[in-house]
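Predicted model, so just to flag it, every value in this text is computed and none were measured. In what follows, chains are A, B, ... by sequence order, proteins preceding strands, each numbered from 1.
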There are 2 protein chains.
Amino acid sequence: MPKKRILPYVLLGLINNKGSLSGYQISQEFKHEVGDFWHASHSQIYPELARMKDDGWVEDNNDGKSTYYKITDEGSKVMRTWLEEPLEDNEELFSLKLYFIKDKSDPLLKSLINQELDINKKKYDYLKKRLAEVFEDDNKIQDNYGHYLILTRAIEREKNHILWLEKNS
Amino acid sequence: MPKKRILPYVLLGLINNKGSLSGYQISQEFKHEVGDFWHASHSQIYPELARMKDDGWVEDNNDGKSTYYKITDEGSKVMRTWLEEPLEDNEELFSLKLYFIKDKSDPLLKSLINQELDINKKKYDYLKKRLAEVFEDDNKIQDNYGHYLILTRAIEREKNHILWLEKNS
DNA sequence: ATTTCCATGTAATATGTTACATGATTAT
DNA sequence: ATAATCATGTAACATATTACATGGAAAT
């Protein structure tokens, strides 16, 4: 299976959120709004918008100065399908998808949180198992202290994430 | 400035940690040990090892079955220099560097933690500022609930990370 | 006037994944 | 015997960054 593309959905989501955006405006969005959770450079954005237009996901409209893109019905379907795809172990994707959910009562919100909860509980268990395996005794901790630190850190990170997810589920 | 390469230092660090490794063994390491913090495929590993040998960072030794690499004095210097480079805002790099610090009393350990602390305090402040800016009133929260959620999540994440860093500094 | 920002595009380069290939050894 | 694992390598493809390039508009 080829690796999942994310960029087109990000662009689609941004265009959908704002109603209509130009390539330049999208590149500005990455410097501000979404910038904390995702990034793309203009040399990616412009060709991708052209492809999306070819695929009928967006329509363009030039006012003489800029070319603005808005989502088509086809594009809305594609976006929704992507949002509803099962989550993988990728916290960035989780954040990104949440970013595109505007309405608090959208059932997708609970669904995403529950999926992420599932994924992270498994990861938490896995990491705790790893810690027990790799550092059965204190000697091993002293011999690979850095590894010990980041493993314990990763476990705590998962624990906090799970707590937050449960609080918001 | 060209983007910093990380792969060669990962390979160098692994070879250094284990004393001697073959390309195949390194690819196995990524499936187990370091796998939680970094990954590389064999099609990256083999050419990179060849380049590192060209650069005099490693020496190779073939036992007829596998080619084993061990670090040279030059390689050790390169590795140390990399570890001592100022950290950037990249939690993965922080984890990776920690992974290569075996000794609890290595001064680099405190240094890395303090650098990461600095970076993350700034990020924490930045995110809190963003939250205040973007969601000044409750209406805005209702209008972009997903964004609100991930921003508050990101803030809590930083807070926990800072607490952990302070505990271990 | 000249710098900065708006606006778009392509080319060169770097990086990373998947696929294609091959041959030896070990386990079932 | 045959499937799985060991072991290494290259080719094709996808993705992403930096650099190169251009022209108009707005600001200093």
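With hydrogens and angles disregarded, no donor-acceptor distance shorter than 3.5 Å links the side chain of B/S169 to the backbone of B/N114.
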Kindly indicate, with the supporting measurements, whether the criterion ring-ring contact (aromatic ring centres under 6.0 Å, His included) is fulfilled by B/H147 and B/F135. CA-CA 10 Å; B/H147 188 186; B/F135 299 103; 5.3 Å; yes
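Look at B/K65 and you won't find any side-chain N or O under 4.0 angstrom from OP1 or OP2 of D/dC6. Contact check, A/Y46 against C/dG9: no side-chain N or O comes under 4.0 Å of OP1 or OP2. For B/Y24 and D/dC6, the shortest distance from a side-chain N or O to OP1 or OP2 is below 4.0 Å.
Rounding to whole angstrom units, CD of residue B/Q44 and P of D/dA12 are separated by 18 Å. Rounded to whole Å, atom P of D/dT8 lies 9 Å from atom CD1 of B/I26. Counting to the nearest Å, the C1' atom of D/dT15 and the NE2 atom of A/H39 are 14 Å from each other. Taking atom CZ on A/F30 and atom P on D/dT17, their separation rounds to 10 Å, with Å as the unit. Residue B/D60 contributes atom CG, which lies 16 Å from atom P of D/dA7 at whole-angstrom precision. Atom P of nucleotide D/dT17 and atom CH2 of A/W38 are separated by 10 Å, given to the nearest angstrom. Atoms CG (B/L49) and P (D/dA7) sit 14 Å apart, rounded to a whole Å. As rounded to whole Å, 15 Å separates atom C1' of C/dT17 from atom NZ of A/K4.
Atom CG of B/D73 sits in a sparse spot, with 12 or fewer heavy atoms from other residues, nucleotides or ligands closer than 6.0 Å.
Which of D/dT15, C/dA7, D/dA7 sits closest to the side chain of A/R5 comes down to D/dT15.
DNA chain D is contacted by both B/H42 and B/Q28; B/Q28 maps to the nucleotide lying nearer its 5′ end (nearest heavy atom per residue). For the pair B/Y68 and A/S41, nearest-nucleotide mapping onto DNA chain D gives the more 5' position to B/Y68.
Interface remark: the A/S43 side chain does form a donor-acceptor pair with the D/dT18 base, using a distance-only criterion of under 3.5 Å.
A salt bridge is absent between A/K140 and A/E133: the closest approach of a Lys/Arg side-chain nitrogen to an acidic carboxylate oxygen does not fall below 4.0 angstrom.
Stacking of B/K4 on the aromatic ring of B/W82 is not recorded, the 6.0 Å distance cut-off and the 45° axial limit not both being met.
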